[in-house]
Amino acid sequence: MRDRLSIAVVGHVDHGKSTLVGRLLADAGGLPEGRLEALREQCARNAKPLEYAYLLDALKDEQSQGVTIETARCFFRAPHRDIVFLDAPGHIEFLRNMVTGAARADAALLVIDAREGVQENSRRHGYFLSALGIGQFAVVINKMDLVGYDRIAFEAIAAEYRGFLEQLAMRPVCFVPASAREGANVAAPSPQMAWYTGPTVLDALDRFQPPRQEAGQPLRIPVQDVYKFTAEGDDRRIIAGRVESGVVRPGDAVVFSPSGKRAVVKSLEAFGRPAPAAAGPGESIGLTLHEQVYVARGETISREDQQAPDVTARFRADVFWLDGRDLGPDRACWLKVGTAEVPVRVERVERVLDASTLAVAGDRQAVHTREVATCVLRAERPVAVDDYAHLPKTGRFVLVADHAIGGGGVVREVLEDDESALRAEALLRDRRWIRSAIAPAARAERYGQQAAVVLITGPREAPRKELARELEQSLFGQGRMVYYLGMGSVVYGVDADILKSHLGPGLTGREHIRRFGEVLHVLLDAGLIVICTAVN
Ligand code: GTP
Ligand code: MG
């Protein structure tokens, strides 16, 4: 099968990105019949020179209709593979699209004007490619006609840019001297540049490695929605989401993160077509489960026999900041990762990098607009994330500030949060839990209730216990299976050993809370409504 490669075309304004793509399409037979002739006639009629970039504009309008992304896409059949060009209007838009996932490139063409040489934006783009993990790219030194197809000029620019890229540990596939307007070294070698024996731009496209096979990666489906069907007295729940990586089939044992809930897939459901036998990357799918588990938007589905996403409230990230107001520890944001949305703050700005000079700004806790920074982020609740280097689709996030996209970034390292140890323990406990043959759903039906914890909190002097007792009685009176679990019931029994080594009033330690939670867990598994109390 032919592979498909998405290629971002990046470079400073007017360096010839659109012309290059237009010329490539024209010379390599990638245009609909008559398109070039029509454009030529139109230009002649208006007494304008032929602009290959117009070709692209015409195609864009047709081809990206109905696609709500800022980056125009343009399709091309290269000799050995299908190519999607992503022609971004500017570097901020490019970044925004890359970070939000509106566009994802497997490789890039970086265009530099031979007459202008390496510009600030040329360096920025190199840096962005590196930060986004797009290590595969070719540098096109364009408009060689304007420097007399001069070898020295080409080599000087290539050397300067190569030096810059080396600081980023980036190595392009090749440097191609070209003239997009004249078609030199675009689809065919140029007689004016006989001194150059390397690949043309078209050759370079075939030299890129095929995209990583997302189907072979671990399963990730961020849950978009849960639909309940009651119309025909059937209480099926369909969990809907888009497969970002991996493949899902009926019979797969799956895990939901961050909740850690488990279930087995019963069927796949697709709208308006027969139920598929499997669903892979890019497919939007509905799942039904053998056992009803209560999950909501924001969880990520993985397979039990594959690596699960990390669950954490803290991670180190490279953040691209685009908003006009600074990002810093006191700026409240929302973190959007997968389908989860949680409040988040910057715990610490570790370093701010000037993307064009690669200079590190001193000890600064504010990230200005258009800067890239390594930060530690702390979310209000744990979320499921992946390391970007491992799974880019689920390792990427967006930061929303004041109801607009303020920036975005990629997860570099998952860090411990306050609950990491507890979570690891709970995960093991869930795996080893002796499951009853009576499904939680069957229990829920028999008892006419959903197992739940009611936690009553308030200031120290508030009558929490009294309220708990009253609630227990009232629910009991309504026929509910309810239990008020008092702190004392745990402290003097389950906690007796730690109580001995603890002087002073009350146990507030982590171990106490853990044990209390475990007792709760048993009662919940038994299908009860459990009431407990705690001071704020
Ligand atoms: P933006 O989309 O605005 O960022 O620009 P771009 O990089 O897409 O540049 P575009 O392809 O629109 O080209 C800008 C101008 O440079 C146009 O007038 C082109 O005709 C001209 N140009 C592009 N390639 C060449 C070339 O190889 N030689 C010469 N002489 N001019 C070129
Ligand atoms: Mg353009």
Side-chain angles (χ1 to χ4, degrees), residues 7-28 30-31 36 39-40 42-44 46-64 69-76 84-98 103 105 108-126 128-129 137-151 153-154 157-158 161 175-193 196 200-202 204 370:
I7 298 182
V9 187
V10 299
H12 194 69
V13 172
D14 270 358
H15 281 198
K17 302 178 293 289
S18 302
T19 305
L20 179 67
V21 175
R23 185 80 209 202
L24 203 57
L25 295 176
D27 290 2
L31 286 178
L36 185 60
L39 180 67
R40 190 168 275 137
Q42 194 192 337
C43 288
N46 299 324
K48 277 199 195 155
L50 176 66
E51 278 279 359
Y52 283 91
Y54 294 161
L55 218 42
L56 200 59
D57 292 336
L59 289 174
K60 269 184 208 171
D61 289 341
E62 283 171 22
Q63 296 189 344
S64 56
I69 55 172
E70 293 167 38
T71 304
R73 298 192 296 177
C74 179
F75 300 90
F76 172 59
V84 183
F85 284 111
L86 306 169
D87 186 22
H91 77 276
I92 288 296
E93 288 77 7
F94 165 67
L95 260 181
R96 202 190 305 265
N97 290 333
M98 289 295 292
L109 288 179
L110 201 151
V111 181
I112 296 178
D113 184 325
R115 209 183 25 179
E116 295 196 22
V118 179
Q119 299 279 312
E120 181 182 320
N121 266 346
S122 316
R123 288 193 292 265
R124 268 183 206 280
H125 282 117
F128 291 147
L129 293 182
F137 64 104
V139 180
V140 179
I141 313 285
N142 188 36
K143 307 199 188 180
M144 285 298 292
D145 54 299
L146 297 181
V147 294
Y149 298 106
D150 181 31
R151 176 179 194 159
F154 165 72
I157 295 172
Y161 201 55
F175 283 87
V176 187
S179 169
R181 201 173 68 183
E182 306 305 325
N185 284 338
V186 177
S190 144
Q192 292 98 330
M193 290 182 278
Y196 175 77
T200 60
V201 176
L202 185 61
R370 299 177 187 214

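Note that the structure is predicted; figures quoted are calculated from it, not measured. Start at 1 and go down the list; that is how both ligands and their atoms are numbered.
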Atoms in ligand 1 with a heavy atom of [X] nearer than 4.0 Å:
X	value
Ser179	26 (C), 27 (O), 28 (N)
Thr19	10 (P), 11 (O), 13 (O), 19 (C), 23 (C), 24 (N)
Leu146	30 (N)

pair [X]-[Y]: side-chain heavy atoms closer than 4.5 Å:
X	Y	result
Val9	Val111	yes
Ile112	Tyr161	yes
Leu36	Tyr52	yes

Partners of Glu182 by side chain to side chain contact (heavy atoms under 4.5 Å, CB included), sequence neighbours excluded?
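Result, side chain to side chain contact (heavy atoms under 4.5 Å, CB included) vs Glu182: Asp145, Tyr149, Ser179.
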Could I get the full list of side chain to side chain contact (heavy atoms under 4.5 Å, CB included) partners for Asp150, not counting sequence neighbours?
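Partners of Asp150 under the side chain to side chain contact (heavy atoms under 4.5 Å, CB included) test: Ile152, Ala153.
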The Mg ion (ligand 2) reached by Ser18 (N, O or S, under 2.8 Å)
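Here the distance criterion (N, O or S atom, under 2.8 Å) is met by Ser18, so yes.
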Close N or O approach (Val13, ligand 1; < 3.5 Å)
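No, Val13 has no N/O under 3.5 Å of an N/O on ligand 1.
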Under-4.0 Å heavy-atom contact with ligand 1, by part of Glu51 that carries it:
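The answer is the side chain of Glu51.
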Heavy atom under 4.0 Å from ligand 1: found in His15's side chain, backbone, both, or neither?
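Within the 4.0 Å criterion, His15 contacts ligand 1 through backbone atoms alone.
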Would you tell me whether Asn121 and His12 have side-chain atoms, one donor and one acceptor, within less than 3.5 Å of each other?
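Indeed, the side chains of Asn121 and His12 share at least one donor-acceptor pair under 3.5 Å.
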Over all heavy atoms of both residues, which pair between His15 and Asp113 is shortest? Give the atoms and the distance, please.
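Heavy atoms of His15 and Asp113 come nearest at ND1-N, 3.1 Å.
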Of the choices Arg181, Lys17, Met144, which has the non-hydrogen atom that lies closest to atom 7 (O) of ligand 1?
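Nearest heavy atom to atom 7 (O) of ligand 1 lies in Lys17.
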Heavy-atom nearest option to atom 22 (N) of ligand 1, drawn from His12, Arg23, Lys143, Arg115:
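Among His12, Arg23, Lys143, Arg115, the closest heavy atom to atom 22 (N) of ligand 1 comes from Lys143.
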